[in-house]
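So the structure is just underneath, and the comments pick up after that.
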Amino acid sequence: MNTRQFITALGLMFFVAIPSVSFAEGKAVITSPADGATLDGMDENRIAYEVVHGPRGDHAHLYVDNKEVAILRKPKGSYLLETLSSGKHSLCVKVVNKAHVPIGIEQCIQVTVK
């Protein structure tokens with residue numbers, strides 16, 4: 001193999017293999033509110049999210065304090081949270097498969113409601 005063929009093969013491997021590896025796992029990101037945020041219990045509070053389902057995921061679920069409260073079918077969006085009681089709460093977005101089983105791709109944040 002000459003130098004030109006080697007560089008071409010290396011470049012092809014970089015552009016084909018690397019992107020497929022980086023998105024193969026998927027991701028779940030809560031874009032708002034921030035982790036540790038304080039929310040006003042009298043306001044309408046939304047959670048904004050972005051997910052990449054990956055090859056094993058189908059959609060996402062939203063959990064408040066480990067209780068499923070919504071199915072999130074869109075890869076990017078927001079959801080109006082029901083009124084939260086005062087105190088600390090856990091908000092999680094988890095990617096699930098078609099059987100609604102979490103596949104390990106998730107992000108959780110903690111918020112305090114005043």
Side-chain angles (χ1 to χ4, degrees):
M1 176 181 288
N2 67 32
T3 304
R4 184 175 182 181
Q5 290 172 328
F6 176 76
I7 291 172
T8 301
L10 186 61
L12 182 61
M13 187 171 58
F14 178 79
F15 287 111
V16 172
I18 300 302
S20 65
V21 169
S22 65
F23 291 110
E25 298 275 332
K27 71 175 182 174
V29 178
I30 296 172
T31 57
S32 176
D35 189 26
T38 299
L39 306 178
D40 185 336
M42 301 303 288
D43 286 345
E44 286 190 347
N45 292 296
R46 289 190 160 280
I47 185 169
Y49 67 90
E50 292 182 38
V51 295
V52 174
H53 301 133
R56 297 180 306 134
D58 182 66
H59 59 282
H61 288 180
L62 172 62
Y63 296 82
V64 175
D65 298 330
N66 296 316
K67 180 182 173 193
E68 182 185 321
V69 297
I71 295 175
L72 309 172
R73 299 254 179 228
K74 296 180 180 179
K76 181 178 182 179
S78 67
Y79 180 82
L80 180 62
L81 297 167
E82 290 186 22
T83 302
L84 298 171
S85 61
S86 294
K88 294 184 184 262
H89 296 278
S90 171
L91 307 176
C92 295
V93 172
K94 298 181 181 185
V95 177
V96 299
N97 61 21
K98 288 183 181 186
H100 302 275
V101 176
I103 62 170
I105 300 169
E106 64 184 59
Q107 183 181 22
C108 297
I109 63 168
Q110 302 297 315
V111 297
T112 302
V113 176
K114 300 255 178 177

Is there a chain of hydrophobic side chains (I, L, V, M, F, W, Y, each step under 4.5 Å between heavy atoms) that links Y63 to I30? no
Does the side chain to side chain donor-acceptor pair (under 3.5 Å) test come out yes or no for H53 and H59, once each step is laid out? CA-CA 6 Å; H53 301 133; H59 59 282; over 6 Å; no
Looking only at non-hydrogen atoms, find the nearest pair between K114 and S86 and report the distance. C-OG, 4.2 Å
Out of curiosity, H61 NE2 to K67 NZ, how far, rounded to the nearest 0.5 Å? 14.5 Å
Heavy-atom pair of closest approach, residues L72 and L62: CD1-CB, 4.1 Å
Could you grab the distance from atom CD of Q107 to atom NZ of K27, nearest 0.5 Å is fine? 10.5 Å
Between the NZ atom in K88 and the OG1 atom in T38, the distance rounded to the nearest 0.5 Å is 8.5 Å
Any link between V69 and V111 through a network of hydrophobic side chains (Ile, Leu, Val, Met, Phe, Trp, Tyr) touching at under 4.5 Å? yes
With the 4.5 Å side-chain cut-off for hydrophobic clustering, are V29 and V95 part of the same group? no
Specify the closest pair of heavy atoms between Y49 and T31, including all atoms of both residues, with the distance to one decimal. N-OG1, 3.8 Å
Main-chain N/O of A99 paired with N97 side-chain donor or acceptor, under 3.5 Å: yes
From SG (C92) to CD (E106), nearest 0.5 Å: 6.0 Å
Which residue is it: S32, S78, P33? I am looking for the one with a side-chain contact (heavy atoms from CB on, under 4.5 Å) to R46. S78
Where do V113 and L84 come nearest, in terms of heavy atoms and distance? CG1-O, 3.6 Å
So, do L80 and E44 sit near enough that their side-chain heavy atoms are less than 4.5 Å apart? yes
Can you check side chain to side chain contact (heavy atoms under 4.5 Å, CB included) on L81 and L91, steps first, answer last? CA-CA 10 Å; L81 297 167; L91 307 176; 4.2 Å; yes
